[in-house]
Each structure stands twice: as structure tokens, then as C-alpha cells.
Amino acid sequence: MKKITFKFVALLIAGTVITLSCGKGFLEQTPKGALDENTLANKKGVEALLIGAYSVLDGFIDGGGIFLGGWTSAGSNWVYGGVSGGDAHKGTDGGDQPDINPIERFEHTPTNGYFNDKWSVVYEGVARSNSVLKVMAKATDISAADVTRITAEARFLRGHYHFEAKKMFNKVPYVDETVIDFKVPNDADIWPKIEADLKFAYDNLPETMNAKGRVNKWAAGALLAKAYLYQKKFTEAKTIFDLIYTTGKNAQGQKFALLPKYHQPFDAATENSTESVFAVQYSVNDGAPDAANGGWGEVLNFPYNSGPGGCCGFYQPSQDLVNAFQVNAVTGLPDPDNYNATEVKNDQGIASTDLFTPSTATLDPRLDWTVGRRGIPYLDHGVHPGADWIRLQSYGGPYSPVKNVFTKVEKDALNDKSFWTSGVTATNYTLIRFADVILMLAECEVEVGSLDKARQYVNEIRARASNPAGFVASASGPFAPYAANYKIGLYPVASPAFLTQAAARKSVHFERRIELGMEGHRFFDLVRWGEAKATLDAYFLYVSGTSNPAINNKRLYLATPTVAKFTVGKNEYFPIPQRQIDLATGTLKQNPGY
Amino acid sequence: MKRKSRLLATPARYFSLSAILLLFVFCASAQKQVSGTVKENNNPVVGATVEVKGTNLATITGPQGTFAINLPSGRTQLVISYVGFETQTINVGDKTTVDVVMVPVNTTLNEVVVTGYTAQAKKDITGSVSVVNTKNLKSVPAASAESQLQGRAAGVTVITSNRPGDGASVRIRGFASFGGNEPLIIIDGVPGSLNGLNPNDIETMQVLKDAAAASIYGARASSGVIVVTTKKGRGNAKVSYNMYYGRSVPGDGFTNLLNPQEMMDLAYLAKKNDNAVLKHDQYAPNGGTFRLPDYILAGTASGLMEGDPLVNPAKYNLDIDNVSGSYLIVRANKAGTNWYDQITENAPMMNQNISVSGSADRSRYLFTFDYLEQKGIVIYNFFRRYTARLNTEFNIKKNIRIGENVQLSYAKSNGAGLNDEGTEIANTYRQQPIIPVFNIKGDYAGSRGANLGNGSNPYATRVRSKDNRNHGYTIFGNAYLEVDFLKHFTVRTSFGGTFNNNNYYNYTFQTYENSENNSGSQYFEGANYFRSWTWTNQLTYKNIFRDKHEVTALVGTEAVSDWGRFLEGTRLGLFVDAVDFRSLTSGTRANGSPYTPASLFSQFGKVDYVYNSKYLASVTVRRDGSSRFGPENRYGIFPSGSIGWRMSREDFMSSISWITDLKLRGSYGQMGNQRIDPANAFSQFRGGIGSSNYDINGSQSSTVTGFQLSFVGNPEGKWETNTTTNIGFDATLFRGKTELVFDWYSKKTTDLLFQLQQVATAGAGPGVNPAFSNVASMENHGIDVLITQRGTLKGIKFDLTGTFTTYKNEITKLSEGVDFFDTDAGEGGRIGGVFVRNAVGHPISSYFGYKVIGLFQSAADVSSSPTQTAAAPGRFKYLDANGDNKITDADRVFFGSPNPDFTYGFNMNLEYKNFDLTAFFYGAAGKDAINYVKWWTDFVPSFQGGKSRAALYDSWTSTKTSGTIPIQEENGNFSTNGTPNSYYLENASYFRMKNLSIGYSLPSSLIKRAHIDMFRIYVQATNLFTVTKYTGLDPEIIGGDRAFGIDAGVYPTVRQFFVGVNVNF
């Protein structure tokens, strides 16, 4: 009896001892489904980290326990560049995405969640770019040429993300791969560091890359020159733009050129073309959750109801933008000073079932590739029916965005099928297109070169737009085979619009607005030109119906209780997100005025 | 023996210590044999424990109540105990036969309570332990004992969910941390979940609240421990059968919504207020007089009247492949659709439970089978569970016992939304009443059409999701071996754990009827597999020296290991929607991963000392090592000590006859918390299609794999420490008629593991998903009170129990320089901010925002008030908290908290002859809630869904300045619906009759002939009434700890009516 007892006791004690002795290994557990830095410290790993750095360009991260950004931080900047710039209204319904309402009225505060998202996304891009450099320093199997190329790509991306931060928030921290304490102060001007990154990329990248989506020498050059332009270093900018204009090629080695038709750069079928200097590559139906690699930032910016995409009626072009496309019936030239003198006819307040005849005024043909309006074919989706495709016309107005919308032909192939809306597309957002480069070059010519060269560059842009094969077509109507009374003229030699520097400047700036309308550049252009106050205050007075109560399409909320206005010395930049100031415990200083 | 009394006696007084102490004598020297019988009312008591005091020598009484036991030399006392009866100590003296007459318990002083790794008589406990009356617990029908625990234990705050199969939020003494505040559940010695446990199998349940009671569980104990034992076989073989059947009544839903005519009046009012053109796509498409349309949609047109060629049914065309080109025709439901009625129904609930149990010479057994079916009040929502339990124990030698407890369960369910804006219930207020359920051809109707909002047809949602399923399989249990040796020692080893396997699938239909449609069908299926085992070895020593010094000592080791994997896949655009076709055969997306395993290895020890049944002391220490922390900080030590003084045993109190027993207690100690990601210490790089892959090749439909730093680990992480002080007393008065338990406690968490958000410049990994760091601290203090009064009045036996629970929570530190963080409960993207701020100096989940001090009454009022964005007559006027004469972010204040001042439960059991009545009330006082539903229903611009009567009838207008809610306008702004403010705050205190049941037991003379021991039938109602000022569906609003009490239309608590039967053979 006792023997048995002690056997059991001995067994239990032995068990305990075994448990004790294996305790140490027992408590060593490593993460599953993840890698550590050392495993990635080789060519394959570093290239994958580089891809990861590119993947933030779209402004949205979904997965791995992390969700960040979206329409709040879209690579296209439709909120900050577009809505803030007067190209468009938030649109939709007053209650949807209410954080944009104060941004549209320049009443935003540092606690607005949109700014924190945008800030977080661009610095995630910076962190990923730095990750490439940090891990590569430990790798031993990468050739010197590859090290240079990877470094240049990573530094280009780092430069791009910092550039985004800079133009949004001005006083921002610069973070490189050596930073350990991430509470970096925002007390220095980071332009020199952005320039250094972009210049390294420009100096070291090859012309031709192994993938369409990679940055090459010329894309880096274009962004570097754009950075110079933002600092009014026109001479330096012009040097590079000139070179790009004459010899630049895209990553596939094709020489840059405007495509024959204006709308082609916005069509998935003709993207990554000779006009695409650098683009955010979107893909759909690729197995990603929530269509995360498509044009997620622009997912809200589709017509509502039975319109293509079906949701959510945001980013509705303003009457001011539409009016800007009016041209002189004889010369086909715009009138930058008085374009709001007449309102382009619209269907505000008219039901889709009621009759409406669109404007017969002479219009720049680019209008209908930029703005969806009643009575005009909306890509290949049929004629825009007006109110039926608008979420709440009394709030957002009668127009729809066009440039980000997929065509009917592309439906199901080039828009994602896995989502609560079909409005996630494979249509790239082109960060820099060749037309943009030409217009930036024209700006440089106005400032430091030849006014006539500026005129010629503007005409080059207008000439492409005037190709009738690129007009919106319509088999019926008074202007068949075109949808409206299109006309676009070139500036003749000795045109008064280019006789003085001031006139030329105005003409180039106006052309930029028309050519790049709804592409997310407008607000940043107005700020760097110093024209934000005058332009936007006039814009608010006009679109709210205050300066001209007779207009049909007005946004009353921009006049209630007072007319929105731009505050000089404050609204040039958005506030540093309060959350980041709080977390930085004293190292981040708020922008003036907030 | 009297079976009826045994069953009706409180099963809570069953104790399972006898399982451990069923001992046979093996030491033969210098001893004498004592034999005898144990009886009660001349009936033999079978299965009573007879123990030699101060040793582990014991036996149980046989079929005739007889026993025989060897008494070692020097031992003269026997302790006889049995569930439901007073434990008696018999001085044997020189006698060799002893006859014992058991008396039913009046007090619970001698009740043996299973606590951590051991069991103690209640009178000897010095820690803070709530002993739950499990009979009362089970009297409320529920799938989970978590919900049943509400109001039953002092110190425990429970927020239930009424959704079938759901558990509840159980918090012991407030919050120890920002997450992982669920108590540790120990079932038969193994960590488990109350949610998977069949409540009918529970024999005892104890809540260990302070460190003295719980710190033996060390690193897992800081949120308290609930110790559960399951039933054992005992006595003669018996069969019992219990069943109930009843129905849940859904109630009326949102009763404050406008009908279609009133909706039109409100749209008109908003336009008038705005001086806007009086034109509306539905009510007046061409301007002029507003009228209700006959058709709300025909093709792309809205607001049409009968006779319009557009509504010709011949034009109708639904093409699912071309939804935008389809021509749908929807007739207006002018009478109004009651969406809540459409998606709810009277829902049956049924439970069938059968158990077979008993004990023989050397074995004990219990087998139960249970079937529970609960339908939700929301159609197609259900929970169905089958459980089987087998508990056995064998005495393989006199001093060696081997046993096992195992439960198998299978559950099947169809879920429904609980509390957010996208649920079916939320869509009963978001969907306008003018929309019918079906269109003219019997297809679904919805918000497609002008000015119909962006809700979705909740009936369609339910029907489409009716085939979604969750299946769960669980095996839970343990096997153990106990050996008694050297008179005073018992060694025990137990190996147990759980295997879980869940399979779940759902199908998302392509939709056509809504303004915002799903663009394609999607099938999702997943499965996870999880196992956890716990191996415990312990050695117990028990002795009594000189009759006065009672010592119980315990040492042990424990190893815990968790491991699991999951696999999920999605397939898009299925060829047809047919149920049987749904599979992942050609899936386009799959993901899966092993969970990072976790392990724990521990040593623990405990010494209890009692001097002369008067002075009590206890010391506990546990050392835990956890894989969740880096090697430097892997081990933590959690000590505690407590003392007790049974004052009533002192001479000076012997004259106070009404005090039967009075014990003062005090304790101090530490517990830990390790509930963090098992991989917290490691920096990790991950790749993800959505997060780091990129279409670098411009293919438009494929990506190249990318990687990113997804998590920056914190190798310095260590245990969170929870230091508890507890002072209390237990009083038994009037010979047990009154019992009072009082505790005051203070609980401080330091080195609180907080996901310290990093600046975004560190990247999204640490910025969005930061590692846990030991930076924060938090405090709770409060009192717990339990009062019981029993007695008999004019033949009515009564038993009244009240519990009272308070906690006051305060965040005392977050991290250097950071003193708050905001939490989004789902409203963030809607209302221009969030309601909850967790801040130093305030309780967890406090409500923060602008305080509404009224409405601007006039332009003069606006101009004389502090500058406020979008200020205008009829809009909210906010408090200028800092007095700088302008309303800015700095004027936001804390204006409420969902933490109650106190919660209370009151239970009443009455017995008269063969009738019995149970009533149970529960209440929570001094708590707030955010009625976020008001954002949707009280403001015209908060999307065009259903609106409230208040919006139409109580809103401010220039001619009705007495209006109490803001002017109705078409556009929202900062001064109306554009920012979180105190308008949504409501008092959510409530008092609820949780349960009322009336039973009748057939007279034994009647049923004995049928060999039935007991036959009881009863009728029951739950949630008969609720007294509250809260205007939402239910003041009981479940949510996460960092943001709770935010009501987007919660799945409500509703009335239920039951009939039931209890039969014993």
C-alpha cells in the first residue's frame, strides 16, 4: 500500500520537476505570421520593403491590424487641393463626412480628424521609406548598383511624402533613417532636405525602370523641379523642366508627350502612357480586403442613386469652376477676369423627369471631361440625368465629378466588385502628368524666361484640347456630333494675354486651373501664387449667391450665418493635428492662427 | 432521507470539498474504530462526509446513513458535514459508536467555499469572497451564467446583452485596466469561459474580489476571479428533468418616429426655416403644394402620382447585372411602414435538461444533457446549444482518487447586429416609413429614389442573412489524481483545458433596392481552432496543533499553454445566390494565420492559520512567468496577506445574544494583469495585400508583395500591478436569520499596460497599433454590501437578499505629457468628433464635448453671446467654459459618465405550503448614456432617414421660440448636429423587475405512487417592467470598456414569459 502511494508521489514530484526544468524554453514564444528585421535584410526583403513604401502613395492602409486613412488622406488630395481650392464642394448631404464642412469654409480646427489622418499617412510613407534604408544597411547580397537604385527610389518616396506634409502643413518635422526619437520638432524649414532627397533620386535613378509604376530619373526630376517652383526658385526649376520637356521619358523609356485626346490620361485603358510622369498605381479585384489597392481615396466621389458607382455623391464641381470654361465665341479664349459674369446654365432645382436643355454658350471642350452635368453624355454611361444622380441637389448642387470615374466598358473589370460600392477603380491617379510639367515650365518662362515661350507652351496644351476627336460626342442635339457648343482657341502671337508678365502670369495660372481642374492641385497653387485670399474670398461671395443673388446654382451654407472667407497668415496651411501636438509633448508647435 | 428538502435546499450549499476529502484511513497503528449513523428527521443521510478533525482522514456515509472510521490516537473529534445541513463537530471521547442528528443549516458560517486551489469554511475566510446563491442565479432563464450573475453578487457589475447566445460584460469592482477587464473564470480548477458553460451544471460559484482571495491566481487575477465548480454525483441514483418554454415579446421599438405625412410636414418646415425654394423631389417635384406621392420611385423618377405614364408596370425591369439600368417601381406606403414590427417577432425560448447522478461505494458519477434554443426577437436570429457533461470520480485505493469533469458542447447560431448604426435595428429608424417592404412586383423596396436617405431595408437584410451560420464545438474539462499520505498531506495533479473549433460563414447579396447598394455578391467562410491546457500540481498540508492552532498550507506549480490557428476565405461574384452553391471553390482571397502562442508557468503557496477559531491569518504568494513579456521582466511575484478577528468569540461579546457571529476582516495584496498581445515584445514586419502590396507593374488587377514594419515591440513590458486593500465584516445575527457582509475596498493599478500611442512620425505601426507599455495608472474604490434575511411569517417561509455595489473609477495617469485619449464608438465619422474621452482625473469612458446651455433665441442673443461658429437663432448655444468670450475646442467639458453611482439587486423567495414565489429586481443608479439615435432622428440634415416627433413638434422656429430642440434646417453645422455635445446625454438610471416566478410542487402523497420524488410546475415572467427616464430602447447599453453607454439602437432587453417543470425521480 505504502509502496503504491510513494510511487504516485514520486511520479508527481518528478512531473513537477520536469515542468520546472523545462520552464525556460516553455516560456519562449515567438510571433507567428510575421518576420523580423534580420529575415528581411537581403535583396528580396529590401525590395519588398520598397514596394511597401510605394503602397502608401494611395493614402490608404488596410490590413495587418492597421487601418489608416482613406478619403481623408487620398493621394489625390481632393479635399485639400480640390474642395479647399474652390474646384468643388464637399457635395452629397450636409450630414455626411461633416469634418469636411469646416474645411470647405476655412473654419477647421486642429482637432479635425481629417488632418490627423493625412499627417499619419504621409509619415507612414516616410517611415516605410526609411525602413528600406535601415534594413538595407544590414544586407550583404545587394549589388552596388542596386543599392544606389533602391536608395534613390526610397529617397524619392521619402521626398514625396515630406513634400505632401510640407504643402499641407508647412512647418513639419523631417524624419530620416537615422532618427531614433520620433518626437522631431517642426521648427526648421525642411525644403533643403526634401530637395536633397529628390536631387539624389534625380541624379542617381536610371531612365528606364523594370516596372511602369516605379519612379525614374525624370519623375524624380519633375518633383524636384516642382519643389523648386514651390520655393519660387524658377531658374533651377526651369533648367530641369526644360530638360524633361526635351528629353524626358517615362519609366518604360517612352519619350514624354501629350496624348492626342484630353481625356485619355483619366482613362484606365490609356494610363501609364507617355503623358504619365508619375502616377499612383491602382489595382482592383486583386484579392485585397475592402478593395484596398484601388482608388479608395476617391471612392465617395461618384454620382449617387442609379449613377455609375452608385455612391456617395461627394466632390461636386462648383459653378465657379464650370463658369471658368466659358470662352469667347470668336476667339475661343477664356476671360480670367470676368468668367463669372454669366452663369453657365444648369439644372439646379429641376427634377430629372422635367425637361432641361443644356447651355448653348461657347465652352471649352475640357469642361465635359472635368464636370458631369445634366444633358451631356457622362463618359459612356449615357446622358447625365441631373438630379437623379445627385445625392441632395439643394445642398451639393447639380454637378458630378468625372475624372476619377470608370467607363461603362471598364465596369467589373476595372472597378472592384467586392465592396459596398462599385466606385473603387483601377484608374490611376496621376500625381504628375506631362501637361502639368508643361504648364509648370510655362510658369517658369513667365517668371524668368520668355513670355512668348510661355504662350507657346500654353498653346501646346490648348492645341491638344482642341482636337475635335477628343470632344465629348453626341449623335443628337444642336451641336451634333458634339455634345455642346465647344470651342477652344490658341493665343495668337502678340496676344495681349501674354504681352506683360502680369498678363502672362494670369493666363498661365488660368490655363492651369482649366487643364488640371478637379485634379487636387488648385488650393496649393493658389497658396504658392499668393492668390488664395483674393481668389477664394471672391469665390465664396459668388458661389454662395452673395455677390450675385441672381445665380441659379448657389450654396447657401457658404453664406450662413456669414460668408465663408480665407484668413491671410493662417489659412495658407492647415493646422498641425492637435493629437500629434499632444503626443509630441512639446516638440511640435502649432501653425500661426490656430 | 427527505429528498424534497434536499432539492429545494439551496444547492449553493453543496460543496465539492468532499470530493477532495473523500479519504480512507491507511495508517493502522494506535487507532480505534468509531462507527455510527447520520440521520435527519429519522431519515438516513446518505453521502455525508465524516472527517477526523485536523487530518485528511474521512469517509462518507453509506446507504443506511452508516459509517465507520478509524480514529488515530490523540484524535477525539469528528466533523460531519453535508450539503444543506449544519456542519457538526462531535467529541467522540471514549465512545465507539456515535449517532448524529443533522439539522438543516440556518447560517452559512460553516458552508465550505471553494476558493483558489483550496476550500475553506466561510467563517474562516479573511479575503473578500462573494458566494453566489446558484439557485437564485439559475432562476432567470439565460444561455449564459454571465447574464444571470447580474445583481447576484455584491461587487460585481454586469451589463447584459439580450441577443441570443450572448454573454455579458462582467466587471468586478470597476476597471483595473483599459482592456481585458473580464474576470478570470476557473471552472473545476481550469481557466474557462462562463459563456460556453451550461448554467444548469453549476454547483457553486464564488467571486474572489480582493488580493487576499484572488492573488493566488497571480498575474491573471487583477480583474477578479470567478471560481465555479460543477455538480457531482452524490447519494442514491437519481434522475432529474427540468424544462421551460417561453416567448420573448419584442415590444414596440422606436415609438417616437414620424409617419409619412408628418415626415412631409417636417421637410416642409425645414424648407420654410431655410427660406428655401418650396420644392421637393418626393413631395413637390415641380414646386407648389406639398403632397404625399403615390409612387416614390419609377425608373429614375421620384415623387409620382397615379396615372403617370412612368409608373406603368409594363416598364418594370429588374436586371441584377445592370442594377443602375433597372427600372424599379415602388408605391409609397402612405400609412407608413413600421420597420421594427417588420423585423421582429415573438420569439420562443426553450430549455430541456436531464441529469442522472449518484454515488456508489467507490465511485461517483453525474451525467447531464442539456438543450437550449433561443430565438431572437429579430427574425432569423437564433442560438441553439447542446451540451453534455460527464463528471466521475473513483477511489482506486483508500487514499487515491482519480476523477474527471468534461463538457462537450455544440452551438449553432445566426447572428444579428448588436449596437451600431448599421444594424437591422438601427435601420428601423434610419429607413423612412414611406418606403414599403416590397415594390410593386414583390421585389424589395428601399431607399433608392430621391430624398429617401441612405438606410437599407432591414427586412431584406434579415431574409438575406438567414442562412448565415456560426458553428462552435467545445470540449472543456480536466482529469485529476489525488493521493493522501502521511496523515496530513494530500497531493493533487490536474490536467485540463479546452479545445475550441469554430466555423462561420456568411453571404452578402448584391442589392438593388437601396440608394447605396452592395455592388456584388460575396461569400465568406472561416474557421478557427484553439486549444489551451493547464497542468496544476499541488501539495496540501493540514494539521491542528493542541486543538487550537489550525494550519492549512499549500504549495503548487502550474503551467498554461495556449495555441491556435485560423483560416478564412472570401469569394466574390458567385454565379448564383443559391444557398447550396455557396463555397470557396474558386475563392479570390484567403487569409489565415497561427495566433502567437502564449504560455505561463507559475509557482504558488498559501498558508491559512486559525487560532482558537478566533484569530485568523492568511498569506499567499504566487510567482508567475509569462511568455508575453521579454526575458528581463518575465517573472512577477504577487503577495497578499489578510487577517480576521471573530469578535463574537470573545468573552465580552458573549452576552450579546443577537449577534451569532461577527468577524472583522482586513487584507492587502497585489495581483497582476498580463492580457496583452502575446507578441507584444517583438518588432514585426508583415506583408498584406491591402496594406503593403502595390501594383508596381501597372497591371490594374494584381499586386507585387510588399512588406512593412507593422508593430514596434516593447521588450521592456512587464506585469501590470494591482494593489488592493480591503476592509470588511461578516455578521450573522439572530441565529442566522440575518446575514450581513460589508466590504470597503481600494484598488490601484500601477504600471498599467497601456497602448501608448506614438507620434505618427514613428510610422503607422506604432502610431495606430502601438505596443503595450507600463505607463498608466488607475484607481477604483467603493463598497459592496450583501444583506440576507430569512424567516417564517404566518407559515410563509421567506428568504430576502439584497446586494449593493459601488465603484468609483478614476484614471490617475496615462503617460508622461499625455493626459487623455479619445475613443470612437462608431459615431466618429458622423458627428464631427467622438463622445468619449478617457482622461486623467476622470472615470473611464467619460463623455466629453460642448455643453449645451440652451438655444439662441434671436440675432441679438447671438451677438451678445460668445463668438460661436455657425451661431444663429434656434441653434445650440454652448457653454463658454474658459470665459474667453469665444467658443473653441478649449470649451469642451466632461459632462457625463456611463459608470453608475451604484447598482443593486433584490431577490425575494417565498414558500407557502406547496407554493413558491421568486421575485428579483435589479437597478443601476446615477449612470448616463449617449442616445446617439437622436443624432439620426432629431436633425433633418443627419441623413434623410426616419425622424422623431420631437423634430417636428418640439423644434424651435422663429414663431415658436419655446421649442426645446434646435431649429430644423436642411444643412447641419457646428451649432446643430455637427459636433458631440451634451444634447445627446440622458440619464440612463433604471430599476427593473428582472424576474417573477410562481411555482407549485405537487404533494408528495400524490406523486410517491408514481415513484416521483418531486414534481414542480411554474410560470415565470422576466423584465416585466422597467422604471427609467431613458428614452431609447433600453437603458442597458453594452459596449467596450473604453467607450460604453453609446446607444445607436441597442438590441433591447424585452419581456419574456415562460412555463416550466422540474421533476426528480
Side-chain angles (χ1 to χ4, degrees), chain A residues 5 8 12 16 19 23 26-27 29 31-35 48-49 51-52 54-55 61-66 68 94-95 98 107 109 111 119-120 123-124 127-128 131 175 182 211-213 272 281 283 285-289 292 306 311 351-353 385 388 417-418 422 426 557 561 583-585, chain B residues 285 300-301 324 483 485 491 493 516 519-520 537 557 559 572-573 588-589 593-594 596-597 599 601 625 627 679 682 684-686 688-692 694-698 700-704 706-710 759-764 768-769 817 832 869 872 889 941-943 971-972 978:
Chain A
T5 305
F8 272 114
L12 289 176
T16 310
T19 316
F26 180 70
L27 294 178
Q29 302 284 4
K32 304 296 180 221
L35 294 175
L49 287 170
I51 295 295
Y54 273 99
S55 81
I61 299 164
D62 177 344
I66 295 167
L68 184 61
E107 284 170 353
T109 58
T111 52
W119 176 285
S120 301
Y123 280 103
E124 168 65 2
R128 290 191 186 191
S131 213
V175 184
F182 290 98
K212 288 179 193 173
N272 290 321
Q281 303 294 323
S283 73
N285 302 315
D286 57 7
S306 56
C311 199
S352 288
T353 44
D388 180 58
K417 293 181 289 186
S418 69
S422 51
Y557 65 88
L583 291 171
T585 59
Chain B
T300 60
S324 64
V483 179
F485 64 103
V491 64
T493 184
E516 297 172 9
S519 54
N537 297 299
T557 65
L572 303 174
T588 56
R589 167 159 63 93
S593 180
T596 297
S599 47
F601 181 73
S627 67
F682 299 91
Q684 297 155 49
F685 288 83
R686 280 175 202 268
I689 303 179
S691 59
S692 58
Y694 187 66
D695 181 19
I696 197 80
N697 294 315
Q700 303 180 329
S701 60
S702 65
T703 58
V704 171
F707 266 83
Q708 97 258 24
L709 179 63
S710 62
V759 285
T761 38
V768 179
N769 181 27
T869 302
D889 286 347
S942 301
F943 297 112
N971 301 317

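Within every chain, numbering begins at 1; the chains are lettered A, B, ... in the order of the sequence lines, protein sequences first and strands thereafter.
D695(B) approaches Q281(A) most closely through the heavy-atom pair O-CB, 3.1 Å. Across N971(B) and Y557(A), no two heavy atoms sit closer than the pair ND2-CB, 3.9 Å. Taking all atoms of both residues into account, the shortest heavy-atom contact from P594(B) to K32(A) is CG-CB, 3.4 Å. Between S701(B) and S283(A), the shortest heavy-atom distance links the atoms N-CB, 3.7 Å. Nearest heavy atoms, V704(B) versus I51(A): O-CG2, 3.4 Å. Contact detail for I61(A) and A764(B): the closest heavy-atom pair is CD1-CB, 4.3 Å.
Between chain A and the options G972(B), G978(B), P941(B), the largest number of non-hydrogen pairs under 4.5 Å is found for P941(B). Heavy-atom pairs under 4.5 Å with chain B peak, among A211(A), G94(A), A127(A), at A211(A). Taking A301(B), G520(B), A762(B), S942(B) one by one and counting their heavy-atom pairs under 4.5 Å with chain A, the maximum is reached by A762(B). Considering only heavy-atom pairs separated by less than 4.5 Å from chain B, the leading option among G33(A), P31(A), A426(A) is P31(A). Of the listed residues (P285(B), G832(B), G625(B), S692(B)), the one with the most heavy-atom contacts under 4.5 Å to chain A is S692(B). Of the residues considered (E516(B), Q684(B), Q700(B)), Q700(B) shows the highest number of contacts with chain A, using heavy-atom pairs under 4.5 Å. Most heavy-atom pairs under 4.5 Å with chain A, from the set A872(B), G763(B), A679(B): that is G763(B). Interface check for chain B: of the options G52(A), C311(A), S120(A), A48(A), the most heavy-atom pairs under 4.5 Å are formed by A48(A). In terms of heavy-atom pairs under 4.5 angstrom with chain A, the leader among G698(B), G706(B), G690(B) is G690(B).
To the nearest 0.5 Å, atom OG of residue S324(B) and atom CG of residue D388(A) are 10.0 Å apart. We find the CG-CG distance between L709(B) and L35(A) to be 11.5 Å, quoted to the nearest 0.5 Å. Of the inter-residue distances, the one linking S691(B) atom OG with R128(A) atom CZ reads 6.0 Å to the nearest 0.5 angstrom. Distance CD/Q29(A) to OG1/T596(B): 8.5 Å, rounded to 0.5 Å.
At a 4.5 Å heavy-atom cutoff, the contact between S131(A) and chain B is made by side-chain atoms alone. With a 4.5 Å cut-off on non-hydrogen atoms, T353(A) touches chain B through its side chain but not through its backbone. Both the backbone and the side chain of N697(B) come within less than 4.5 Å of a heavy atom in chain A. Using a 4.5 Å cut-off between heavy atoms, S702(B) touches chain A through its backbone atoms (N, CA, C, O) alone. Only the side chain of L68(A) comes within contact range of chain B, with heavy atoms under 4.5 Å apart.
For the residue pair T703(B) / D286(A), no side-chain donor-acceptor distance below 3.5 Å is found, with atom types taken as modelled.
S422(A) meets the side-chain contact (heavy atoms from CB on, under 4.5 Å) test with F406(A), N415(A), S519(B); sequence neighbours excluded. With sequence neighbours left out, the ring pair (Phe, Tyr, Trp, His ring centres under 6.0 Å) criterion links Y694(B) to Y54(A).
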